[in-house]
Every structure is written in structure tokens, then in C-alpha cells.
There are 2 protein chains.
Amino acid sequence: MTISYQMPTKVLMGHNVVRQSADLISVLGKKALIVTGARSAEASGALDDVTAALKQNRQSYLIFNKVMSNPTIACVYDGADAAKKEGCDFVVAVGGGSPMDAAKAIALLACQDIPQSDLFSGRYGGTVLPMAHIPTTAGTGSEVTPYAILTNDAAQTKTSLASPLLFPNIAMLDARYLKALPHTVAVCTAIDALSHLTEGMLTVRSNMMTDMLATEGIKNIAYCLGALKNGLLTDEQREKLLYASMLGGMVISNCGTTAVHAMGYSLTYFKNVEHGRANGLLLAAFFEFLQKNEVEKVSRILELMGLKSVDELKKTLDELLGKMDPLSEQEIVQYSRISINTKNIGNTLVPPTERDIADMFRASL
Amino acid sequence: MTISYQMPTKVLMGHNVVRQSADLISVLGKKALIVTGARSAEASGALDDVTAALKQNRQSYLIFNKVMSNPTIACVYDGADAAKKEGCDFVVAVGGGSPMDAAKAIALLACQDIPQSDLFSGRYGGTVLPMAHIPTTAGTGSEVTPYAILTNDAAQTKTSLASPLLFPNIAMLDARYLKALPHTVAVCTAIDALSHLTEGMLTVRSNMMTDMLATEGIKNIAYCLGALKNGLLTDEQREKLLYASMLGGMVISNCGTTAVHAMGYSLTYFKNVEHGRANGLLLAAFFEFLQKNEVEKVSRILELMGLKSVDELKKTLDELLGKMDPLSEQEIVQYSRISINTKNIGNTLVPPTERDIADMFRASL
């Protein structure tokens, strides 16, 4: 038995947790940079809760609400400049994966002068602003990961900053915030969480401990698949999705992701396909590929989902996500070349060749 | 759904993990205080591995091997004095619960001048020496808890120092070290782990996340019960016990323990009963007591253990631990009065009265 495991973030989940546990935010600093997107933090009610908690704590704050989907490198340098200029000494991230990831890079860049050329190096000094992360979607799990994934134009893909420094100090999860999500976003983010959970089990780094977390998460998502299809999520199901998403974060914190993420990044970078949907569109072909060598593990995952075969998984995902237009052969060649050069490939339980990747693209779209 | 969860220690488990992951120790400091007992660290081979890793890292060390079972307050002040005098800037704990707990108190007292009267207050400053914990038993789970439990003569019981500061930085688990354990120690410590896992599920703080960890741990112990009875543990079973013990630590880090620990401390303090055995002797009576109000949860735990009833649990534990001599009525009254004043009582899913506690003592011994 081999285990390698770490996830230092303190997790609090519950109804009204931000206001009720405001004292945990009070120790983080004097002035917060609230990092968020243009709208969702406000619509969900999370931003109100955060500002109320900060006021209650007599902490001041500045709202940096310029984080776009798939945040750019320029965006996080901007955020760090704002934090430095305004003397913010901690960060509160509110939103989906994009604000939560951007907030980590901002917390790092506000403390350390790292040139763009070293941004993805992982070689950082020891300091970072303290962080509290508050998800408003149930997908990314970023609130409990050491990753900040940014659009990397130089490499024409998305690339992660990865360092244990980037684990938030606190994650506060309140499923009420998910109520404001458009149903398509709820579906795509749930499939992102499913992707993290299943991919984690299919990496070279998976172990008994991470498989336990993944198993729990997959079961909770499976419980919600029917409601995700018919658009009628209950409060209980939203909680289960948020819990599963967090477990997915714990899994990839320790296991990383696979070829699915490597390939999905191309669909997002070049075709603007939403991240969770991109992974979901590729997942069945990946299972099909892996099943040749890892029958038992793939079968176990399907069983956890209550599915009989990879075909049934494909049908389920197609139903949830719809089909996307096929790629040209030229695009497939280009994306496969980019994917094969990501570190996710070597992390896959059976690493695909460039040709395998192209075949998976063809089978998926 | 409400979750409160934290366990920041980095966990590494595997064959020869101390020597293979020596680099993780290298970042902790320049000179280690190795905190251990008189014998077990050496007998297990763990001490050799630790000193080899430190030499490989060119780190110097001092061995403080004066930790007795159920360590005293004087012992941890001595250890802290040694660390300060010799300029040790990190701690490596090697052993069972006693050295691992003592090491945490030493790491704290080496950095902060805390008078004995404030030792159990939990009000500490922010500094503590970095720690690596290496268990040589599979029971306490101390390598992943924020607790250091010491003999408290003023209160005539054992009392815990508790602070997130006391989570070790790294836990390194190698099941080879368990081979050197006398079988009675293997049994008593395994039952300690079982006690942590089951008690955690029966606290007011248990939640989906901690129940997941407890469930996994209980299943792994159940897998080994037969071998614990017949004394023929395999390498695989030792790994499972070590994993389960660590999961038990994660559970009590977040849930705390119950009346069982409160009562068990009296048996240890006054009758010198080994800690795991003390808990095990009381567990069935506690289940019997709780079953009146919490039928479902008690049944779920029994089912995880592959047992049909509390009677069967009692039979199993009696077989593993033997009976102890009955207590006098005077002793029962005294121990019940001490137990009712511990904080573990209010943490129990159904808090027992002083009379309930006396009844559980009577039924157990």
C-alpha cells in the first residue's frame, strides 16, 4: 500500500456558513481583496454574505470583479497590483473556478515579484496572502486544491500554477449559492466534478485514500444524475453536488488529472467550449481507451455511477451535454500535438500516444 | 449537510518511506530532536531509518528517549529544555502514542514559555517547532491529530493539549515497523484505533465527511479481526491496521472522542490499564447505552464490523482483550465523578449522566 496525501485547507460546509463562521475570516488580515467575476457572486448572494461578514469583523475590503472565464495572465497581474496598491493583506475568492483560481495567483503575485516567464515554474518563495475561498458552483473543487489554472497563450492551452502554497486557508461551502446557477452551468460544472473524481481514479498516483474520496464523490454525483437530466435539482441534491465537487478537488490535489483534461483544454482554448463540458464530451472515449488495459477499475467506476457500460456513459453524457460540431482533421492533429506535450499525459494510468489522442478526439465529437 | 473538517498534515505511507522521502525531512530544519521511548523505536528499525535519513540530509540530531507510557508533564518540559539547550529547530517523533504526543508538547514548549497552569488552556502563541511523526504502532493516529495527551495529576486523569498548531507537518507510515510489536500491543492498539473510528461516528460533531473516513477505517479493522484473534497478522493486514489507525486519527481530529475515552482514562490513571485495552473494555457497554436512542447508527457500525449485535461485539472484545478485575463500588463512584467532568461527555451523541457512566463501568468489568 502506498499513499501520498495532503489537503491542509480547513473546510466548513453548511447553511449560512459565511456569516455564521465570520470569526474564521477575521484572523486572516485587516483588508480583503475580494476576487470575483462580474456577476455570479452577486447573483448567488455570496458577495452580500462576504461583505456582511467582513463588516461584522471590522475588516475593510476592495472588490476586484474583473475575473473573466478562463482567466488570463494579465488579469492576475492586475489583481495583484490592486492588492499591493490598496494594501490588501488577504484574499477572499467568491465564484466558480475562474475567480477561485485567479485569486490564488493574485495572492501569490501580491507577495512575490514573479516574472511572467517563471509564472508556471512552481519555484516560488515561501509567502502568499492568506485566502478564504467560497465556491458558487459545484464543479471545480478549486477551494481545496493547490492549483490556479490560467490561459497560457504562449502554449496555446490552459496551464496550472501548482504549489502547496496555493491551498486556501479556509473553504466555506454553502449550497444555497448554487440556486442562482443557470441549469446548463449546473450540468457542466457537475460533469467537471465527475471528471475530476473519475480521472483521479485513473491516474498513476491514485491510492486507497484518494480512491475512497473519489468513490464517495462519484456516488453523490450518481445520485443527482436524473435531476441533472430533468433540470429539477432539490436542495439536498445541490448539497451533494457541492460536497462531491469538493471531494473531486481533494482527489485531484493528490492525483492530478489525465489526458481528458489535456485534451479538454484545447476544446476550451480554441473552440471556447466550457471546461466541464469539454471534459464530459471526451470522458466516454477515454474510458473506452482505458478499458482495454484497466477493465476492473473502469468497471468499478461505471458500477459506482449505476451504469452498465461505457456506451451507457456516453449516452448519459450526450443527453446532459449535447453534441458539439466535429473538428476538422487539421484541428485534431493540432490539438493532439498540443495535448501530448502536457504533463497530464504521463499522469494517466495508461498514457495514450499522440495517435490514441487523435482517435479519442475523433470518437468524441 | 454540515461539515467541519481539517487535517493539514502531509501523509506518506509505503515501504521504506522514511529513507525514500528523506528530502521531505530535509526542509524541516538543521538539527532534530528525536523524541522516542526507551526501546520500541529501536526495535522496530524506525530509529535507524530516521538517523540514516538525517545523515543523508546532513542534518544533526539529539535523541531524547525518555518518554514513558502515558507521558508526564515533567517529561515534556524536560524534552523542551533539551531542545532549547541543544539548539534543535525541529522534532522527529518515533514510536507509539506516548512519544508522538509528547513530541507535540515538546515542539510547543521549545518555542513558547507556557507555565504549567496554562498548559491545557489551548491559548498558545503562533509558533511551534516543525514536526515529522513516524508511528511504530497502529492505534493512536497521533501522527495526524492536533492533540497531545498527557497525564494530569491535578485532575487525576489524562488531559489533552489541543491546537491546530500541534498537527505534525509530515506523517510517515511504514507498516514494517509493526512487525516488532508484541501481539498483545498489536491487539490493544488496534482496538484503540477501532475505538477512535467508532466513537467518532457517535459524537455530536460527526458528519458525512468524517463518517466516510470512519467507515473506511472500520472496514479495514474488521478485515483483520480474525488475525488479531489468532495472532497471525500478514504484511497486508499490518498495512490495513496502520491505514485504519491513521483514518481514526483524522476522524478524532475533527470529531473528538466520547464518554469511552473519558472513562478509559480513569482505568489507565488508577489501574494502569493500557489505553487501547481500557477503551475496548468499555466499548460494548457504551454501544448498549447508545443503542437505546441511536439504533440506526449503532447498527450501521456493527454491520461494518460484520457483527450481528452488541453482544457479539462484547464477545469479540472479551476474546481479544480478556477481562479485568471488577472495580469496587467506591472506585466506580470516584471514576464516574471524574469522567463526568471531562469535555468528552458533552461531545457524546447522547451524553450520559454520572449514573449512566457508573452503570457502564459496572456492565464492563
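Because the structure is predicted, anything quoted here is derived from the model rather than measured. So you know, we letter chains A, B, ... as the sequences are listed, proteins then strands, and number each from 1.
Contacts between A:T215 and chain B at a heavy-atom distance below 4.5 Å are absent for every atom of the residue. Contact annotation for A:N169: neither backbone nor side-chain heavy atoms come within less than 4.5 Å of a heavy atom of chain B. In this structure, no portion of B:S21 lies under 4.5 Å from any heavy atom of chain A.
Qualifying side-chain contact (heavy atoms from CB on, under 4.5 Å) partners for A:A222, counting only residues two or more places apart in sequence or in other chains: none. Residues passing the salt bridge (Lys or Arg N to Asp or Glu O under 4.0 Å) test with A:D174 are A:R176, sequence neighbours excluded.
Of all residues spanning residues 245-254 of chain B, those with a heavy atom less than 4.5 Å away from chain A's heavy atoms are B:M246, B:L247, B:M250, arranged by number. When the heavy atoms of residues 195-212 of chain B are compared with those of chain A, the residues falling under 4.5 Å are B:M208, B:M209, B:M212, listed by number.
Around atom NZ of B:K219, no more than 12 heavy atoms belonging to other residues, nucleotides or ligands sit under 6.0 Å away.
Here the shortest heavy-atom pairing between A:M1 and B:M13 reads SD-CE, 3.7 Å. Nearest heavy-atom pair, B:P8 versus A:Q6, reported as atom, atom and distance to 0.1 Å: O-NE2, 3.9 Å.
Residue with the most contacts toward chain A among B:L12, B:L242, B:L173, B:V17: B:L12 (heavy-atom pairs, distance under 4.5 Å).
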